[in-house]
Structure formats: C-alpha cells, structure tokens
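Residue numbers run from 1 in the order of the sequence given. Just so you know, these numbers use all the heavy atoms, side chains as well, and skip hydrogens, waters and symmetry mates.
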Amino acid sequence: MAYPKPPFRPSFSLLLASGLLLAQPATSLAVSQVECRADSAGGGWVCVPLEATADLPPRPGKPVVRATEAAPEPERAVSELRQPAAQTADFSELDWVPRDQLTEAQQAAIAPYCSGDYIEPPRAGRDDNTPFDQLPVYASADSSSFEQRNQTGTLQGDVLLQQGRLQAQANQASFDQANNLVRLNGDVRLRDQGVLVLGDRAQMQIDSGETRIEQVRYVVHDANARGSAEKLMRRDDAVIVMTDGSYTTCDPGRNTWSLHSDDIELDQEKGWGEAKHVTLKVKDVPVFYTPYIYFPLDDRRQTGLLPPSLSNSTDNGTELVTPYYINIAPNYDATLYPRLMSKRGLQMEGEFRYMQPGHEGQVSASFLDDREFDDNRWMYGWEHMGGLQSRWTTEVEYFDISDPFYFQDLNSSLDARSDTYVNQRGAVTYRGNGWQFEAAVHAYELATITSVTPYERLPQLRLDGGHWLGDSGLKFDYRAEYAYFDRDLGRGFLEGEDGVHFDAFGPIWTPDENLVGLQRATGHRVSLSPRLSYPMQNSWGYFTPAARVQSTYYDLDFDERQHRDATGTADPLYFDYDNADTNPSSTIPVASLDAGLYFDRDTSWFGRDLRQTLEPRAFYLYAPNRDQDDQPLFDTNENTFSYNSLFRDDRFSGNDRVGDANQLALGVTSRALESNGVERARASFGQILYFEDQRVQLLNTEGQRREEDDNSTSAYAAEFMYRVSNAWKLRGDVLWDPEENNNNAGSLLVNYQPEPRKVINAGYRFRNETNTFNALTGQFNEDENRRIDQSDLSFIWPLNPQWSMIGRWQHDFAGDRTLEAFGGLEYDSCCWKFRFINRYWVDYNEFESVTHDEGNRGIFLQVVLKGLGSVTGNRVDSLLDEGIPGYRERENNAF
C-alpha cells in the first residue's frame, strides 16, 4: 500500500536577514538605494548609497487588479482560508492568474478543469543560485532616516530589500541597532524561488536569527498549494514554528478541503516536521482528526507517523491503518502497520528492510487474534537477494501463513500476495564463464482449499551452459538437473471456514484424495540434455541444424491410495502398485533444422514512408516415439499452442516428457517499420505438418494416458498487430483447424486512447473444446461443448472538463451471463477527485468457484485530496487498474 507524501511540504527561506542593510547611518535620502556587503575584517556590514542605474534590480510593480470591478480588501491570516470569496474577488496578491488571462502555454500546463494557476512574476535574481555570502544586499525606498539618539534607521514607502533570489517588500522597515532588531510593517511580502509569504508584520533578531511574522499567508507555486497561519516564528535553532496553520491545494476562494493544525514545527536542516492537533475540514466541516503527525520535508528518511488510511468492507468492517516509520540507520529501517478492524480486531503488521553493497532484503510479519475466525491468524516472510562474491548470488523467498483463507479474508500492507500458494524457496547460484550452477530448495504453502498440493523440490540442482567449440562454428549447449520431488497430500473431506462441504452425493473429498497411481508418486529425478548446433547466419537469412539428447532417470516411491468413485468407494484394481516400475527411464534423441530468409522493401502506407519486411521460416523437428507412460508428471505440462510454439523443439514443458515428432513447421512474418525503428504493423501466419501421429501424451489424474493425436496438420496459427495511429492500436490472434473446419481459439483487442484522459478498450476471446482440470474431482473435463466465449468492453471518457464516465462489461456468451460489470462517474478538480462505482461481479472465492457461481453487488466510493492522496476507497483504484487497460497510464500522466 502506498502512502501519500505529507501535506506540509513548503520550504521557504526567511528573507528578513537582508534587514541588516538598514544599519547604514544615513540621515535622509529620497527614493534611496543602497548596497551592503559583509565586512570580513570587522564582522559587520558596509552599506553605501547607489545612484539608480540600468543595472540595478528593477523594483517590482504593484499587483495588477485583473477583475473588472475593484478588488475588495484582502482578508487576513486564517480567515482567508475560512471565508469563501466572491466571484469577483481578486487574488493577484497570491500570484494567482485566472485561466482566461494565462498564455496558451500556461493553459496547456494545467488541467482543463483548473480555473487558473499560481504564476511567479519575473524578477531580477529569481534564478540566481550564487551563495548568499558572495552576494550584496540591495535596498530601496521612497525615503530613509536615522535617529542618532535611538540608534534606529528607518526606510519609508515602497521598501524593497533584495539579495540574489531572496526579496522582501514592506511599507516600512526599521533597524534598532541597540537591540539588533529588524522590523517590517505593512503589507510584508517575502519571496524565494517558487515561494511567496505575505504578512502584516515581521521582525528578526539579528544576533540569533530568531524571526516572527504575524498574519501569514503563503503560496508554494510548484505544489499549487497555499496556506495561512496566525503567527510564524523562526527560532534561534533554525526551527520554524507555525501557530494555527492551514494548508490546501484548492484554488483561492474555493476551500473544498483544508488541513488545520494548532502547532506545526519544521526543521529544514534535519529534514523533519511535526504537527499537533491536525484536523481535516471539508467546506469548513471537520471530518477527520489526529493528535499528531510526524512527516519529512525532503527525501531524507525520518522516524515518525505516516499518513493514515481509512476504508470500509463487508468482511472486515471499518479499517483504520496508522503506519509508523522507524529510521534505524542509513541502510536499515522498519515500518509498523497497526490495522484496527471493527469486525475482527487489531492486526499488527510490520516489515524490516536492510541494504548492503552486496545484498538487500526485508523481513515481514503479521498477527491477528481474529474474532470472526475465532482463532489466531499470522503470516511471516523473508525476502533476500544478494551476491556473496562477484560470481555468487543468493536468493530467498520464504513465506508462511496460518490458514488457506488468510489472503481471502484479510487485507495487508505488506508485499505478500497469492492466489494459490506462497513460495518457500532458497537458492545459491554460481556463474562461470558461459555456464552457471544453481542449488535450490522450493516448497509451497497452499493459500486455497480447491487446488491439488503441488510438488516440492527438496533439493534441486541445475547446471546450464554453452560454449563454442574453437573455430569450428559448432556450439555445444547442455542442461543437467537433479531434483527430489515430494509432497504431503491432504486427506479427508473438503472443509471451508463454515465446515464440511456437501454435494448431491454427500461430503466432498479434498482434491488430493482423488489422485491415484503415478499422481501419488514421489522420488528422485535426474535429467541430462546435451545439444550440438551449427548456426549459420548473415544479413539475408539463417540456417541452423541442431541435435540433442534428453535422458531422464527416476527412483520412485508410491503412496498407495486407491481411487474412489463418485460415491467414495475405493477401487483396488484401478492402479497396479505391486507391478509399477519404480525406476523408469528414457533416452530420446531430438533433431531439428531451423531456416529463415529476410527480404525488405521501401513502401508507403497512407502517405507514411515505411520499410516492409518478409520473413519466411521453416522448422523441421524429429523425435522418435518412446514409451514414457510409466514416468510421473512432476513439473510437466503441455505448452499452449500459438504461432511462437510452432518453432519449439518440444511440445511439453518440464523434463518428464519428450514429445515424439516428425513434423515440419512453416511460417511467415511481415513487418512495417518506420525510419526510427518503430514497428507500425506486424502479421504472422503458420502451420505444422505432421508426418506421423503424436502418440506421447500426458496422463490424466486417473493415471491413464490420454488419447493420441492422429491429425495430419495442426491448426493454422496467426497473429497480428497494427498501430493505426498514436491513438488507435489493434492486436489479435487466431487458431483455425482446417480438418474440423472451425476456429479453435482467437482474440481481438482494440485500444483507443487519443489522450491520457480518454480510454476505450474492446476485446473478444474464444476457445473451443477446452480441457479444464477440476481440482475437486481430480479429473479433466474433456467436454467438446465446453468453450470460452467472452467479450470485454471498458472505457473512461470525459463528459466535460470535470466529469467523466467509467465503465466495464465482461460477458460470457457460452453461459449467457455477465461475469463483471461496473459503471460510475468521476469528478475531477484542481484539488480533489471523487469516484462513484456500482459493481456486479461473479464471486470466484474458494469453494464456490468450482461448484457454483454467485453474483455479488457493491457500491464503491473513492475520495482523493490532491496533495494528500486517497483518504478512502483504495480498492477503487486497484479495481480500475486491473479492469481498464490504459488506466494506469492515464493516472501517471494526470495533472
């Protein structure tokens, strides 16, 4: 979970140090200007009058009244934030420029729904970064005087003090030499680069630097922020203290929200700040209070409270998270996440991070005494990545949870998420010259009750490498692996949070109870795969003959659990454990020939100059049929068929099967490239010709080999991409079976995004004769009438500069049902954002995902205060991010 930066970010220099120049013992000068420099010998200042010249910094003019009527008297201090201004009010004293008076470039730099912007006026020295001890201080006024008796110098009328980028203006400035005190009175205006401070009165103690400003109003231009305070003081330890301060990013006179604090302290030298008794107000109505906030002023890490998060959900009730950050050392820190849930209780989460030159990682943990679950729930984890030496690397990802419903029920601020299981993995890798060796252990903890327990590798040893054999042009590659596969299969009936589940036949067995035969095997596996190839390539094509041998050896044990039928009766004859081979093995050669050509030509599409390519490719693959039915499936599955899979040398992943093959894959790709290399369009088309039937098949969960494939050709595989313009993008793929004369699978995605605020997506995908694995029955559903046939439409579209429509509709044509649909409105302004979403979705949680689907409905609200972040409704943001392609880009490019 990301927490927004704290609101009190403005950093401004106190310009009153330039009041030192008032020490000059002049009697009276009309429209005087003086220059003061530090006296290195005496430690004081030397000031001399100057004649006005063209090289002197120009005196800023009076603020221009831009309203058609005379501007009212500006309100002071906190009242400026609290009282809405009339439509004719002028805020030019805050450097505010209405939208209709901005230049075209300035209007383009702000959001279309903003009514104006803070524009810092040009002035001499604004961008001067020269060290202040090397800069003179300029002063000018209508008149000046010095009273010898009181040792007081005074500047009267349109006083301007300037040193580099720092500038001070007032109606009157005086210097009390006896008390080393500088006073500014009447319309005090202090400027630094990007910051404006207004006040009624100001004074500074010269010897200590202590400064006080009364009735303060401030503007931070780049942050589009403003605020006020009854009093601002800079203590002698350089800490700035504001009394009765406020902050907002709303336009002047439109105080939709604001933060108010009785006491704010800023320490710019150490980079920290704190505020006490902080209240968030919406239209002057208090809606949130916290007694204390500790926050950073820059990028330096500081110990303290982070902004809280408030949300509400059906399962957990109202949730309040108040993170606390602990800066232990430059390379160590920790964060605590106390989470109070009205239905479940107090959940304590925390993480500790470390970073060294050779490694980094984090340790995290969580604990909850859950009132709803009626038990203790916990999670802990360790993530580590490092290199012990230049060639050694280490990796750890270890998580454990108290129960499989943990992520289903509970939110988390920690970096730990899972749909099916959490990893428990550790590895050490050594990288040599052209080779690497890895030793790893990999276990799992299930985070669901509806999946078969996966195999664990305890341990896994791998050696991979490749070398050129001198100048012969031959390349030798190799892969070798040893692994011990084990798993602790579950027993009994399927039990959820509400007890044992039943169907028409009674209690439902756990998914593991349905496994039998080779699916219950554990043991050792050794696999070797040396490969020799002779790559030949040049600018017009390539030709690569290759050969490899895949050898696999096993030492197996069986958990002799018998198969159960639908009524739960065991079938002792289903698998012959007594005669099962515990040491199966196979050695299978694989030969391939990969060849391709490259043609190109210059062409033009719709007035656009392009280079079009034509890239035909042929890939011949041969592997003999070897009986592998006695080998278990530890980590092997069938690759998804697509255009890219035409040119693989095995149709299976993992090392438990090598597919028999006597086939030729033919394909062609054409691209349209712009002069800068950008791919404007791409299309590919291909097919595999089978010269023999594919007899090697995977096992189903009943321990039986699936039927062989006797097709003479594969489906045609095609894919394409076309970037019509910078706004329009099309992408699609299709599989078409010529023997069955039907489409096996396909998808089409269309994206229209003419600008970041406008997004339309339309998609369609289908797949016929899907073979899906039912975890509860432990069998494949080989139903040729079962198919995927879905559409997906999503959009975000502005109705006007401030209002936008949001929607998504995902429909399943095969089941004639809506999988997910939501619609809503978004209101966006310069200082806050509001989203309202009404959502319907099919619940796929746990047991219901494989027995029946249940529709849920919900209404979601999100409020974002710009400059503070989302104060509620973080789930809305993740919902839109996952459901609408282009949403994240829209948010990243938002004003």
Salt bridge between [X] and [Y], side-chain N to carboxylate O under 4.0 Å?
{"X": "Glu397", "Y": "Arg425", "value": "no"}
{"X": "Glu882", "Y": "Arg808", "value": "no"}
{"X": "Arg651", "Y": "Asp660", "value": "yes"}
{"X": "Arg682", "Y": "Glu679", "value": "yes"}
{"X": "Glu674", "Y": "Arg611", "value": "no"}

If we ignore hydrogens and angles and just use 3.5 Å, is the side chain of [X] paired with the main-chain N or O of [Y] as donor and acceptor?
{"X": "Asp812", "Y": "Ala814", "answer": "yes"}
{"X": "Gln628", "Y": "Val658", "answer": "yes"}
{"X": "Gln107", "Y": "Arg99", "answer": "yes"}

Asp650 and Arg648: salt bridge (Lys or Arg N to Asp or Glu O under 4.0 Å), yes or no, with the steps? CA-CA 6 Å; Asp650 196 349; Arg648 293 174 177 162; over 6 Å; no

If you draw the axis of the six-membered ring of Phe647, does the NZ or CZ of Arg617 fall within 45° of it and under 6.0 Å from the ring centre? yes

How close do Asn662 and Tyr620 get, counting heavy atoms only, and between which atoms?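 That closest heavy-atom pairing would be OD1-OH, 2.6 Å.
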
Looking at every non-hydrogen atom in both residues, tell me the closest pair between Tyr840 and Thr818 and how far apart they are.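 For Tyr840 versus Thr818, the nearest heavy atoms are CE2-O, 3.4 Å.
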
Report the distance from atom CD of Gln663 to atom CG of Leu689, rounding to the nearest 0.5 Å. 9.0 Å

Under 3.5 Å, is there a donor-acceptor pair linking the side chains of Ser829 and Trp832? yes

Could you name each residue pair satisfying side chain to side chain donor-acceptor pair (under 3.5 Å) that touches residues 468-478, not counting sequence neighbours? His467-Tyr478

Side chains of Arg765 and Asp789, heavy atoms from C-beta outward: is any pair under 4.5 Å? no

